[in-house]
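Order of appearance sets the numbers: ligands from 1, and atoms from 1 within every ligand.
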Amino acid sequence: MTLTQYPTAVLPRIGRNQKYAPQDLADALIYLRKLYNPDVRGSKIKHRKRCYPVYDSNVSPSEQPCEAEPVSEDDLEQLRADAFERSYAVRWLTAFCSCAEALTDGDGVSPEMVESLIQDASALLAICAGTASAGIISRNFTFNQGKIQVQLTDIPLDNHDYSSVGAQTWGGACVLSEMIAQSPQEFGLWGSSLQRPLRILELGAGTGLVSLVVAKLLRALAHEDPVGPCAIIATDYYPSVLGNLEHNIMNNFPPSEPQTTVSISAHFLDWSQFSVSSLQLDAPPFDEPFDLILGADIVYEAEHALWIKRCVEKLLKKPACAASEVPPAFHLVIPLRATHAVESGTIERVFACADSEAAKVSSGEGGHVWDLRITRKDSIVCDGEDNVRFPSDGHEVEYAHYTIGWIKV
Ligand SMILES: C[S@@+](CC[C@H](N)C(=O)[O-])C[C@H]1O[C@@H](n2cnc3c(N)ncnc32)[C@H](O)[C@@H]1O
């Protein structure tokens, strides 16, 4: 069964007198899940390689390999939006749930196996018959073997509405979330750094996955070992995106839950205006600098890198001392799309790499002016799992992770 085929063409007939191979039914459920409840592309990190500082000084970070963009998703979007096919899938799943118990009559089919197939089918039924039929998709994201769970709603991607890029969760958010969940210490979210009030900002948060993962992680830590106040400020620009972001925050942290020292909230922040207007800087929550700034997939227009640099210059805290264990940093993850190579290239022009001279200076040998520099660049390669929104034909997907911090020059 491939994703470009119609449910009416590929789903096996369901009926009380039919004989089924359990594997065929399991394959049919996998096909329906990929069609109506797709994963986010590139969310499974395969390996990570440091590109900067490079050991071979003749190789510049911009010469690292890039992955090609996978094929267009248009046909699959059209198939997913087909009401007739969706209602056929709903009827098929309903019939499956009512007949599945008869499967236990077959050889080698355990009741547990049947139970698990029925559970999968019921979950899909809820998705196909419920909100997903309006184009709204709810997804569960899990990290650290299920210890961190976030449920997100994506709203329909309307290509005529520019704001809609933030209505979906993108692969960059999954990659950054996975890195934070796996190595919180790299982001200053573990150990001694937690003993102070911690302020975290996300730029272009979209559906809010990264901020929500940070909030869940810190709340879990606070539960084990009380920490000082931590404020997570998830920001975006477009009203429809901010509305969905607020909904996702409420859904994951219902106000009825006991309050803790870890707070998360959604706020308006426009990169293009922020640096030129002093209004927002005077008002909470932007009137104090942040220890950590996060951004996933937020550089896709030529001017974005410069706007974002100006925001980070105003909002990232200066290091208290050059040798602090995890200095304030801006972590930026972007996919390396062949179609956006020019826009991605702007990052390394706008934020120069920390050269050896600046590094000497930051260790106390001189220099008077703080400048934002790329202190590290990693390449992250992910499984390009095939799915409806981003069919990748099994290609790997590459992301760049920039760590940007203050250097005295
Ligand atoms: C490609 S989406 C990425 C969303 C999210 N970080 C993720 O990875 O799922 C880019 C995000 O940047 C936001 N954005 C675009 N222009 C912006 C601006 N001028 N100021 C603030 N946010 C902006 C969009 O609304 C959208 O949420």
- prompt: Any idea which part of L269 is under 4.0 Å from ligand 1, heavy-atom wise: side chain, backbone, both or neither?
  reply: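 Within the 4.0 Å criterion, L269 contacts ligand 1 through backbone atoms alone.
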- prompt: Of W170, F268, W271, Y238, which has the heavy atom at the shortest distance from atom 18 (C) of ligand 1?
  reply: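 Nearest heavy atom to atom 18 (C) of ligand 1 lies in W271.
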message: Heavy atom to atom 15 (C) of ligand 1, shortest distance: which of Y237, Y300, W307 holds it?
response: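 The option holding the nearest heavy atom is Y300.
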task: Give a yes or no answer on whether the side chain of W190 reaches the backbone of L221 with a donor-acceptor pair at less than 3.5 Å.
output: no
Numbered atoms and elements of ligand 1 in range of [X], under 4.0 angstrom, heavy atoms:
X	result
T169	9 (O)
G206	4 (C), 27 (O)
D297	1 (C), 2 (S), 3 (C), 8 (O), 10 (C)
A173	7 (C), 8 (O), 9 (O)

- prompt: With sequence neighbours excluded, what pairs up with E257 under the salt bridge (charged side-chain N to carboxylate O under 4.0 Å, His left out) test?
  reply: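 Salt bridge (charged side-chain N to carboxylate O under 4.0 Å, His left out) check on E257 returns R219.
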query: Quick one: salt bridge (charged side-chain N to carboxylate O under 4.0 Å, His left out) partners of E186, sequence neighbours excluded?
result: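 Result, salt bridge (charged side-chain N to carboxylate O under 4.0 Å, His left out) vs E186: R48.
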field: Cation-pi check, K309 onto F330 ring (under 6.0 Å, within 45° of axis)
entry: no
Would you say [X] and ligand 1 have an N/O pair spaced under 3.5 Å apart?
X	answer
A296	yes
I298	no
H304	no

query: For ligand 1, is D236 a contact, meaning one of its heavy atoms is under 4.0 Å away?
result: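 Heavy atoms of D236 do come under 4.0 Å of ligand 1.
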- request: Say whether Q168 and ligand 1 are in contact under the criterion: heavy-atom distance to a ligand atom below 4.0 Å.
  value: yes
query: How far apart are the C-alpha atoms of T153 and T207, what are their side-chain angles, what is the distance that settles it, and do they pass the side chain to side chain contact (heavy atoms under 4.5 Å, CB included) test?
result: CA-CA 7 Å; T153 298; T207 59; over 6 Å; no
query: Under 4.5 Å between any side-chain heavy atoms of L316 and I404, yes or no?
result: no
field: Inter-residue atom distance T235.OG1 - H267.NE2, 0.5 Å rounding
entry: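 These two atoms lie 9.0 Å from each other.
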message: Looking only at the side chains, is there a donor atom on one of Y402 and E348 sitting less than 3.5 Å from an acceptor on the other?
response: yes
